J.: 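Below: one structure in structure tokens.
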Amino acid sequence: MKIATFNINGIKARVTALTDWLDEAQPDVVLCQEIKSVDEAFPREPFDERGYNVETHGQKGFNGVAILSKHPLEDVMRGLPGDETDEQARWIEATVVGEHDALRLCGLYLPNGNPAPGPKYDYKLAWMERLEARARALLAAEMPAMMAGDYNVIPQPEDVHDPKAWEDDALYLPQTRAAFHRVVNLGFTDAFRVRNAAPAQYTFWDYQANAWPRNKGIRIDHMLLSPQAADMLVDCRIDKEIRDRDKPSDHVPVWVELDL
DNA sequence: ATGACTTGAGCATCAAGA
């Protein structure tokens, strides 16, 4: 089963770019971030036509996550547990059933956190604590699970074109990376890194200052696998070519092939 | 260089992104 994560930066502006990529890449499941739409306004038809079930967790203007799946989605859960007052739409979970096994899938859009320090950075760190708690619960269930999406975390120096330029940024601060590694170190596998050890493998390039042609990117979209899911990993790649097309998102898709 | 682009909201500009 081919499962992808893709921060699309606005579903209404990205329908053509997304459907073109779906038709080529033929993923079974796509976790989308930054749909920037309320649920009622999400354009379902292009995805219905292609055989995808659509589950959304949106809000007006910003954030918002969704799952597109050619397989049925069960037990859909919206919102990251741990703070009833949090109104930002950044988490969606569902179970997808494969040929041999079922997989618990979590699509996430982790807060950016800039400027740091400040209230936005406090929110990011608090959100990451809730993420760690959810990750522990998923591991305790001992079923295959994947948490994938836009983490807004640059894990290591080799994941950024110029580490020096990012050292005060909320995506790369030591506290941010430590919080990310605390989650990984519970027993998750960074699917891309176990399949590709090369530096400078990016998933985001800013629209500004010719970042893409200069390859001034960062790797912030990640797919973390529980031990049971890691045993199913066949491949993981970044579809960076589509950053070259008309009206691209500033992120590109990352996908895994799982023997599920 | 706190710049440059892009999106959504909503109709002139501004917030937010990373």
Side-chain angles (χ1 to χ4, degrees), chain A residues 5-21 31-43 46 56-66 86-91 107-125 127-128 131 148-177 179-180 200-222 238 240 242-254:
Chain A
T5 178
F6 192 178
N7 180 323
I8 55 177
N9 188 17
I11 185 59
K12 295 177 198 78
R14 212 69 61 212
V15 168
T16 302
L18 179 54
T19 53
D20 284 353
W21 173 73
L31 304 167
C32 297
Q33 301 88 39
E34 281 203 271
I35 64 173
K36 297 185 176 179
S37 169
V38 292
D39 297 332
E40 310 81 74
F42 190 96
T56 61
H57 179 42
Q59 71 179 86
K60 190 174 181 179
F62 306 103
N63 305 325
V65 287
D86 185 3
E87 299 194 340
Q88 299 192 29
R90 296 179 174 276
W91 183 273
L108 67 103
Y109 175 46
L110 203 149
N112 174 303
N114 279 306
K120 291 190 174 183
Y121 192 57
D122 295 341
Y123 175 68
K124 178 175 193 153
L125 293 178
W127 203 95
M128 293 181 85
L131 171 64
D150 178 357
Y151 277 77
N152 272 315
V153 174
I154 300 165
Q156 303 280 10
E158 56 267 35
D159 298 315
V160 51
H161 62 93
D162 181 3
K164 197 84 182 150
W166 287 78
E167 62 185 7
D168 297 326
D169 194 281
L171 281 64
Y172 191 59
L173 282 170
Q175 262 187 289
T176 304
R177 288 189 278 156
F180 178 77
Q201 305 296 300
Y202 305 135
T203 65
F204 169 92
W205 297 260
D206 201 291
Y207 288 123
Q208 303 179 82
N210 286 317
W212 163 248
R214 293 174 173 179
N215 198 28
K216 291 180 165 235
I218 51 181
R219 190 175 74 94
I220 56 173
D221 298 272
H222 308 299
I238 300 170
K240 75 168 184 176
I242 72 167
R243 187 63 175 77
D244 234 353
R245 296 183 182 172
D246 287 339
K247 297 264 294 172
S249 172
D250 40 7
H251 296 250
V252 294
V254 185

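Nothing here was measured: the structure is a model prediction, and the numbers come from that model. Letters A, B, ... mirror the listed sequences (proteins, then strands); counts begin at 1. In what follows, every heavy atom counts, from backbone to side chain, and hydrogens, waters and symmetry copies are set aside.
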J.: In whole Å, what separates the C1' atom of B:dA18 from that of B:dC5?
T.: 12 Å
J.: What does A:K124 touch in the nucleic acid at a heavy-atom separation under 4.0 angstrom: a base, only the sugar-phosphate, or nothing?
T.: nothing
J.: Is there a donor-acceptor pair closer than 3.5 Å between any side-chain N or O of A:D39 and the backbone N or O of A:G58?
T.: yes
J.: Could you say whether A:Q59 or A:P111 is positioned toward the 5' end of DNA chain B, judged by the nucleotide with the nearest heavy atom to each?
T.: A:Q59
J.: Between A:K247 and A:D206, which residue's closest nucleotide on DNA chain B lies nearer the 5′ terminus?
T.: A:K247
J.: Measure CG/A:N7 against C1'/B:dT7 and give the value in whole Å, please.
T.: 12 Å
J.: Of the nucleotides B:dG17, B:dG8, B:dA18, which one has an atom closest to the side chain of A:W166?
T.: B:dA18
J.: Starting at CD of A:E40 and ending at C1' of B:dG8, how long is that distance when rounded to a whole Å?
T.: 16 Å
J.: Given B:dA18, B:dG8, B:dC5, identify the nucleotide with an atom nearest to the side chain of A:Y207.
T.: B:dC5
J.: May I ask you to decide if A:Q156's main-chain N or O and A:D159's side chain share a donor-acceptor pair within less than 3.5 Å?
T.: yes
J.: Less than 4.0 angstrom between a side-chain N/O of A:N63 and OP1 or OP2 of B:dG8, yes or no?
T.: no
J.: With a 4.0 Å cutoff (strictly under), does any side-chain N or O of A:N9 reach OP1 or OP2 of B:dT6?
T.: no
J.: Measuring from the side chain of A:A13 (C-beta onward, heavy atoms only), which nucleotide among B:dA16, B:dA18, B:dG8 has the closest atom?
T.: B:dG8
J.: So, taking the atom named CZ in A:R177 and the one named OH in A:Y172, what distance separates them when rounded to the nearest 0.5 Å?
T.: 4.0 Å
J.: Could you give the distance separating B:dA15 and B:dA1 at their C1' atoms, to the nearest angstrom?
T.: 22 Å
J.: Tell me whether A:R243 contacts the main-chain N or O of A:W205 through its side chain, where contact means a donor paired with an acceptor under 3.5 Å.
T.: yes
J.: Under 3.5 Å, is there a donor on one side chain and an acceptor on the other for A:N9 and A:K36?
T.: yes
J.: Can you figure out which of B:dT7, B:dG17, B:dA18 approaches the side chain of A:R90 most closely?
T.: B:dG17
J.: Considering only atom C1', compute the distance from B:dG8 to B:dT2 and round it to an integer number of Å.
T.: 23 Å
J.: According to a strict under-4.0 Å criterion, is A:K60 in side-chain N/O contact with OP1 or OP2 of B:dT7?
T.: no
J.: Under 4.0 Å: is that the gap between some side-chain N or O of A:R14 and OP1 or OP2 of B:dT7?
T.: yes
J.: Just call it for A:D221: base, sugar-phosphate, or nothing, with non-hydrogen atoms closer than 4.0 Å on any strand.
T.: nothing
J.: For the pair A:H222 and A:F180, name the ring-plane relationship: parallel under 30°, tilted 30 to 60°, perpendicular over 60°.
T.: tilted
J.: In whole Å, what is the span from the OH atom of A:Y123 to the P atom of B:dA16?
T.: 13 Å
J.: NA contact type, A:Y109, heavy-atom cut-off 4.0 Å: base, sugar-phosphate, or nothing?
T.: sugar-phosphate
J.: Just N and O in the side chain of A:H251: are any of them under 4.0 Å from OP1 or OP2 of B:dA18?
T.: yes
J.: Between A:I35 (CD1) and B:dA9 (P), how many Å, whole number?
T.: 11 Å
J.: With distance as the sole test, does A:K124 use its side chain to make a donor-acceptor pair with the main-chain N or O of A:N112 at under 3.5 Å?
T.: yes
J.: When the distance from NZ of A:K36 to P of B:dA9 is rounded to whole Å, what number comes out?
T.: 9 Å
J.: Atom CG of A:N210 to atom P of B:dG3: distance rounded to whole Å?
T.: 19 Å
J.: Please state how far atom CZ in A:F62 lies from atom C1' in B:dG17, giving the value in whole angstrom units.
T.: 9 Å
J.: Take the protein atom CZ of A:R214 and the nucleotide atom C1' of B:dC5, then report the distance between them rounded to whole Å.
T.: 14 Å
J.: I'd like the P distance from B:dT6 over to B:dA12, given in whole Å.
T.: 24 Å
J.: Checking all strands, does A:N112 fall into the base, sugar-phosphate, or nothing category for heavy-atom contacts under 4.0 angstrom?
T.: base
